[in-house]
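Before any comments, here is the structure.
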Protein chains: 2
Amino acid sequence: MKIDTDPKADLSAQIAKSIRDAIINGDMIVDERLPSEAELSDQFDVSRSTVREALKRLAAQSLIRTQRGASGGAFVRRLSYEEAYGQHITTSTLLLSMNAVSFETACEARYALERACAPMACERRNPDHLATMRAETHRQSQPGLSDESFCASDVALHRALVDAAHNPVLSYQLAGAVEAMQPLMNMITFTARSREEIVGIHSRLTDAVEAQDAAKADHALHALEAYTLHLGRDVMAARAQKSGD
Amino acid sequence: MKIDTDPKADLSAQIAKSIRDAIINGDMIVDERLPSEAELSDQFDVSRSTVREALKRLAAQSLIRTQRGASGGAFVRRLSYEEAYGQHITTSTLLLSMNAVSFETACEARYALERACAPMACERRNPDHLATMRAETHRQSQPGLSDESFCASDVALHRALVDAAHNPVLSYQLAGAVEAMQPLMNMITFTARSREEIVGIHSRLTDAVEAQDAAKADHALHALEAYTLHLGRDVMAARAQKSGD
DNA sequence: GCAAGCCAATTGTCCGACAATTAAAACATA
DNA sequence: TATGTTTTAATTGTCGGACAATTGGCTTGC
């Protein structure tokens with residue numbers, strides 16, 4: 001087999017790229033078995049260790065799975081939604097935390113995307129989604145809930161809203177924006193007063209979705225964005241002041 | 001160092017997870033140097049090969065970079081937008097191609113997300129974005145353009161629209177939806193008539209963005225979605241008929 | 001002071017060996 | 001023959017050692 005890739009990269013990276021391209025191009029289909037490590041060593045003319053390092057790279061990207069024993073080997077793996085979600089969320093979270101994205105930018109993106117889902121969610125929501133949204137709203141009104149649990153419940157509610165749109169592609173893309181904001185949201189201290197405000201907006205949002213009133217849902221999401229931004233700015237201002245001491 | 005992870009997984013996977021968690025938790029900051037492979041072998045009590053396989057997994061996820069020579073080693077890597085984009089697009093494309101997502105679903109998600117950007121793009125667009133959109137629209141009206149180039153130009157135009165919103169988080173999330181649709185779009189044969197129609201809508205869209213008329217942009221995107229869906233359905237119907245012969 | 005060369009640390013690659021796992025083949029038994 | 005057991009072969013997982021390649025710092029000579 002040939003490897004006409006960047007010659008300055010490591011051999012294991014070149015080999016991984018070669019196989020990755022074959023999978024992405026569709027030259028190898030799902031569940032197809034790759035040659036054994038020994039055969040790959042021969043084909044690429046490298047040691048088994050190097051082949052193994054290449055295969056581990058592919059495994060890290062969920063492109064292959066390996067199985068031991070006779071008739072074992074490496075197989076092209078079907079990328080499931082669940083795994084893709086997980087990878088997407090991890091990457092998004094790291095991207096935000098490592099690149100100092102402002103609270104405003106993340107917040108704006110999140111709510112813009114949610115508003116994009118809202119009309120579809122209104123149209124297609126079923127009782128399950130509404131029940132989840134109501135249950136999470138109720139949980140958020142419980143006194144004694146930790147800030148972290150409040151945030152987690154918030155994410156669950158918004159996830160229900162997104163899922164109500166019944167579009168897996170949309171859910172997948174949204175997951176990154178919503179979940180990646182959680183670390184930022186966790187920095188906020190939610191007072192009783194602010195929780196009350198948020199719960200109120202969540203109620204209005206759920207009502208709108210139930211009534212299939214897209215305009216009202218859009219309005220509620222705008223209100224939520226404005227209020228979240230307000231809370232976030234207070235926190236950032238306090239942090240800035242503290243660091244300036 | 002401890003590894004209290006799933007004991008049924010490979011050692012290299014456990015070690016990779018252990019280090020990955022440390023990076024994600026923020027225990028290791030960007031550009032911090034990991035212990036050398038030899039030290040990691042000692043700490044985790046495994047062979048150097050196993051450590052190397054773990055490190056290759058992390059490198060495949062762009063979490064670390066390695067450097068040879070004295071004062072070399074593995075360093076926590078800052079995840080750049082460019083790399084995250086690339087990973088995101090690859091994953092999104094594979095997710096669509098491996099899971100038989102319908103053209104309708106992908107199309108709906110794409111345009112819903114683009115409509116989410118439109119108001120911000122109208123507000124913040126600058127001459128560069130408008131120029132790109134106009135240039136790509138013009139290119140699309142050139143006779144003799146291949147279907148593939150037409151698609152690529154289409155993506156470029158929509159990318160300019162998204163970038164005009166000046167929100168990198170939004171651009172990042174959108175990239176997955178827009179670019180992942182390209183393989184599906186490439187299956188479409190664009191007739192002179194359909195190109196004319198699309199170019200017309202693109203012109204209206206660009207006009208709307210220039211005039212900062214969000215409602216008009218939204219309308220154009222709705223029209224584009226409806227027309228794309230129409231074209232896609234024809235192709236899918238033809239394919240279904242052909243496979244039924 | 002400076003340049004050249006040497007040195008040590010570190011990753012990259014290779015090799016050979018053995019353990020663990022697993023499916024299939026061979027075999028034994030009722 | 002049917003069935004359960006054992007053996008075998010293929011394959012990945014792990015280990016240890018060896019050497020090459022790279023690279024920054026140190027030493028030495030001038």
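By convention in this document, chain letters (A, B, ...) are assigned in the order of the sequence lines, proteins followed by strands, and residues within each chain are numbered from 1.
- Here A:Arg65 lies out of heavy-atom contact (under 4.0 Å) with every strand.
- Residues A:Thr105 and B:Asn167 have side chains that never bring a donor and an acceptor to within less than 3.5 angstrom of each other.
- With B:Leu55 as the partner, the side chain to side chain contact (heavy atoms under 4.5 Å, CB included) test is satisfied by one option alone out of B:Ile15, B:Leu63, B:Leu34: B:Leu34.
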Original post:
Tell me, for nucleotides 15-25 of chain C in 5' to 3' order, what letter each nucleotide earns: B for a base near a protein heavy atom under 4.0 Å, S for only sugar-phosphate near one, - for neither?
Top reply: B-B--SBBB--
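- Spacing between atom CG of B:Leu58 and atom C1' of C:dT11 amounts to 15 Å, rounded to whole angstrom units.
- Neither side chain, A:Thr90 nor A:Thr93, offers a donor N or O lying under 3.5 Å from an acceptor on the other.
- Heavy-atom distances to DNA chain D give each of A:Ser36 and B:Thr50 a nearest nucleotide, and the one nearer the 5′ end belongs to A:Ser36.
- Between B:Asp45 atom CG and D:dG16 atom P the separation is 8 Å, expressed in whole Å.
- Computed from coordinates, the A:Leu55 CG to D:dT14 C1' distance equals 16 Å when rounded to whole Å.
- At D:dT11, none of the side-chain N or O atoms of A:Thr66 fall inside 4.0 Å of OP1 or OP2 (strictly under the cut-off).
- Enclosure of atom CG in B:Asn126 by more than 12 non-hydrogen atoms of other residues, nucleotides or ligands within 6.0 angstrom is indicated.
- If you take CZ of B:Arg33 and P of D:dG24, they are 13 Å apart, rounded to a whole angstrom.
- In this structure, a donor-acceptor pair under 3.5 Å is absent between the side chains of B:Thr228 and B:Glu225.
- Between the side chains of A:His166 and B:Glu108, not a single donor N or O lies within less than 3.5 Å of an accepting N or O.
- For the atom pair A:Cys117 SG and A:His158 NE2, the distance stands at 11.5 Å (nearest 0.5 Å).
- In this structure, CZ of A:Phe75 is placed 11 Å from C1' of D:dT12, rounded to the nearest angstrom.
- In this structure, the CZ atom of B:Arg52 is 16 Å from the P atom of D:dG16, given to the nearest Å.
- In this structure, B:Glu53 atom CD and D:dT14 atom C1' are separated by 8 Å, rounded to whole Å.
- Atom P of nucleotide C:dG12 and atom NZ of A:Lys56 are separated by 17 Å, given to the nearest angstrom.
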